[in-house]
Amino acid sequence: MQAIRTEPANASDVKILLDVDDLPRAWYNILPDLPAPFPPYLHPGTKEPVPPQAFEPLFPKELIRQEMSPNRAEPIPEELREAYFRLGRPTPLYRAKRLEAFLKTPARLYYKREDLSPVGSHKPNTAFAQAYFAAQEGVEALATETGAGQWGSALALATNYFGLKAKVFMVRVSYDQKPYRKYVMNLYGADVIPSPSDQTNVGKKFLAQDPDHPGSLGIAISEAIESAVTSKNTRYSLGSVLNHVLMHQTIIGLEAQKQFELADITPDFMVGSVGGGSNFGGFTYPMIGERIHGNVETRFVAVEPESVPSMTQGRYEYDFGDTGEMTPLVKMHTLGHSFVPPRIHAGGLRYHGTAATLSVLLDSGLVEPRAVDQVSTFQAGEIFAKTEGLIPAPETCHAIRGAIDLALEAKARNEATTIAFNYSGHGLLDLEGYRQFMEGTLKNNGK
Ligand SMILES: *Cc1c(COP(=O)(O)O)cnc(C)c1O
């Protein structure tokens with residue numbers, strides 16, 4: 001690649017920093033601002049709304065309250081703000097000047113650095129909140145599932161910080177083939193169990209069918225739920241999809257809004273990748289609130305893999321959140337709870353559904369979905385590594401692909417569009433996908 005020359009710029013135009021005191025004191029809850037009422041969670045048998053108390057064996061009470069909160073702002077406790085400082089918050093906003101120059105686009109591109117947390121993704125923003133509130137209520141352990149281990153390592157970090165135990169059911173193929181995040185979890189003291197396991201009835205059932213069962217996220221969720229409700233003083237924890245999880249992640253978008261003000265910009269587009277919707281929702285919801293109130297005209301683009309097209313091809317209907325049919329019914333864009341996603345490298349995007357709040361926004365047209373293929377996302381990742389110098393997670397490559405496409409469309413119209421995207425995580429533990437991409441053996445359907 002030829003050397004890239006950019007126009008001289010003020011340092012503050014390239015890297016936009018906040019002071020420690022600028023860290024938000026409250027999260028933004030989009031529930032009261034949604035353009036249509038939030039569809040309640042339903043009991044699968046009676047089809048009646050599930051009362052909040054029914055969730056108490058599963059989640060800490062404070063998180064159940066947050067899940068259904070009518071308040072636009074929910075305060076962030078001081079002890080948790082301190083933990084956020086230690087995680088590296090507030091995170092910088094960067095201008096992608098070298099990427100702009102490479103694309104020869106008049107568009108201006110900005111990205112929010114969520115890769116700078118100790119485990120390399122945005123996921124600790126909610127892991128710390130969940131562990132904090134669980135510890136406040138005297139809960140001793142959290143059980144959860146993880147695919148490639150991004151969420152498991154975030155929760156292991158957070159539970160260790162607040163003195164809780166973590167039990168992580170990790171999909172067996174990943175446990176065997178991608179051991180590095182398992183070591184990260186172990187180092188923070190978490191108990192990591194390959195799923196299906198013989199520790200739960202659900203797990204035993206699948207092991208009886210096939211002693212070498214490769215496992216799936218759906219089975220691991222069912223095992224974690226069973227383990228939480230049958231173990232003493234243990235609750236279940238989920239890393240995406242739920243309202244309180246997306247709300248904790250709004251720390252990203254609230255910081256970004258202050259940074260947009262400092263840079264004197266209002267993005268024309270905000271872009272993020274979507275698995276369950278937590279990094280996208282966290283980044284965009286505060287600005288979507290501004291759009292709903294008529295203060296901005298920003299458009300919001302949600303990017304998913306073509307091979308897991310829940311937003312672009314899924315049906316908007318009530319479905320189970322897990323494969324084992326243990327959760328209540330959730331109204332969302334879904335491919336069906338028995339959908340088996342192909343083994344693409346963006347493991348964090350392999351979920352059959354979409355967060356219920358995001359589904360309302362998609363249905364209303366406020367969020368515009370796009371699907372991109374695997375090879376083109378790795379191409380975007382390579383361009384980003386060579387221009388900006390950062391190696392993105394395969395999930396993050398979807399957001400970058402979306403932003404590059406918008407920048408090229410702006411170039412075709414010769415418009416100085418402003419595009420901001422969420423850099424959800426780094427790819428330094430995902431190099432196998434890059435190896436296949438460089439060798440030319442990477443396929444779009446992940447087979
Ligand atoms: C988990 C993950 C995602 C996808 O999950 P969301 O809940 O949709 O944000 C995206 N990027 C990274 C780096 C992840 O770890």
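The model shown is predicted, which means the values in this text are computed figures rather than measured ones.
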Pair Phe320 + His337: ring centers closer than 6.0 Å: yes
When you measure from the centre of the six-membered ring of Tyr175, is the NZ or CZ of Lys182 under 6.0 Å away and within 45° of the axis? yes
Salt bridge Arg235-Glu137, side-chain N to carboxylate O under 4.0 Å: no
Glu304/Thr312 under side-chain hydrogen bond (donor to acceptor under 3.5 Å, both in side chains): CA gap, chis, key distance, verdict: CA-CA 8 Å; Glu304 68 182 3; Thr312 53; 2.6 Å; yes
Gln259 and Lys112 side chains, donor-acceptor separation under 3.5 Å: yes
Ser117/His122 under side-chain hydrogen bond (donor to acceptor under 3.5 Å, both in side chains): CA gap, chis, key distance, verdict: CA-CA 7 Å; Ser117 79; His122 67 288; over 6 Å; no
In this structure, is the centre-to-centre distance between the rings of Tyr111 and Tyr94 below 6.0 Å? yes
Please determine, by modelled atom types, if Gln66 and Asn29 share a side-chain donor-acceptor pair under 3.5 angstrom. no
Of all the heavy-atom pairs spanning Glu79 and Phe162, show the shortest one and how long it is. OE2-CE2, 4.1 Å
Taking all heavy atoms of Ala410 and all of Pro106, pick out the closest pair and write down the distance. O-CG, 4.2 Å
When rounded to the nearest 0.5 angstrom, what is the spacing between OG in Ser237 and CG in Leu155? 4.5 Å
Counting only heavy atoms from other residues, nucleotides and ligands, does the tally under 6.0 Å from OH of Tyr180 exceed 12? no
How far apart are the C-alpha atoms of Asp191 and Lys165, what are their side-chain angles, what is the distance that settles it, and do they pass the salt bridge (charged side-chain N to carboxylate O under 4.0 Å, His left out) test? CA-CA 8 Å; Asp191 201 1; Lys165 292 199 185 94; over 6 Å; no
Under 6.0 Å between ring centres, would you say that holds for Phe384 and Tyr423? yes
Between Gln374 and Asn444, do the side chains contain an N or O donor and an N or O acceptor separated by less than 3.5 Å? no
In this structure, is the centre-to-centre distance between the rings of Phe128 and Tyr161 below 6.0 Å? yes
Nearest 0.5 angstrom please: Leu87 CG to Leu116 CG, how far? 11.0 Å
Checking side-chain polar atoms at under 3.5 Å, does Glu100 have a donor or acceptor matched by the opposite partner on Thr105? no
Evaluate the side-chain proximity of Glu226 to Gln199: yes if any heavy-atom separation is below 4.5 Å, no if none is. no
Examine the side chains of Glu261 and Gln257 and answer whether a donor and an acceptor come within less than 3.5 Å of each other. no
Could you walk me through whether Asp268 and Arg299 pass salt bridge (charged side-chain N to carboxylate O under 4.0 Å, His left out), step by step? CA-CA 6 Å; Asp268 296 298; Arg299 289 168 63 185; over 6 Å; no
For the residue pair Glu74 / Tyr28, report whether a side-chain donor-acceptor contact shorter than 3.5 Å exists. no
Walk me through it: do Asp430 and Arg181 pass the test salt bridge (charged side-chain N to carboxylate O under 4.0 Å, His left out)? CA-CA 10 Å; Asp430 306 277; Arg181 286 206 181 86; 3.3 Å; yes
Measuring from atom CD1 of Ile400 to atom OG1 of Thr387, what distance do you get when rounded to the nearest 0.5 angstrom? 8.5 Å
Between Glu114 and the options Thr396, Thr91, Asn422, the side chain to side chain donor-acceptor pair (under 3.5 Å) test singles out Thr91
Any chance CD1 of Ile391 has more than 12 other-residue heavy atoms, nucleotides or ligands included, within less than 6.0 Å? no
Does Arg370 CZ have over 12 foreign heavy atoms under 6.0 Å away? yes
Rounded to the nearest 0.5 Å, what's the gap from CG on Asp319 to CE on Met332? Could you check? 4.5 Å
CZ/Arg435 to OG1/Thr441 distance, rounded to the nearest 0.5 angstrom? 6.0 Å
Considering all heavy atoms, the nearest Glu395-Ser273 contact: O-CB, 3.3 Å
Can you confirm whether Arg86 is buried at CZ, in the sense that more than 12 heavy atoms of other residues, nucleotides or ligands lie under 6.0 Å from that atom? no
Between Ser222 and Asp322, is any side-chain donor less than 3.5 angstrom from a side-chain acceptor? yes
Any side-chain donor paired with an acceptor under 3.5 Å for Ser195 and Glu223? yes
Would you say the side-chain atoms of Tyr236 and Glu145 include a donor-acceptor pair closer than 3.5 Å? yes
Before accepting this row, confirm whether a basic side-chain N of the pair Glu255/Lys258 lies closer than 4.0 Å to the acidic partner's carboxylate O. no
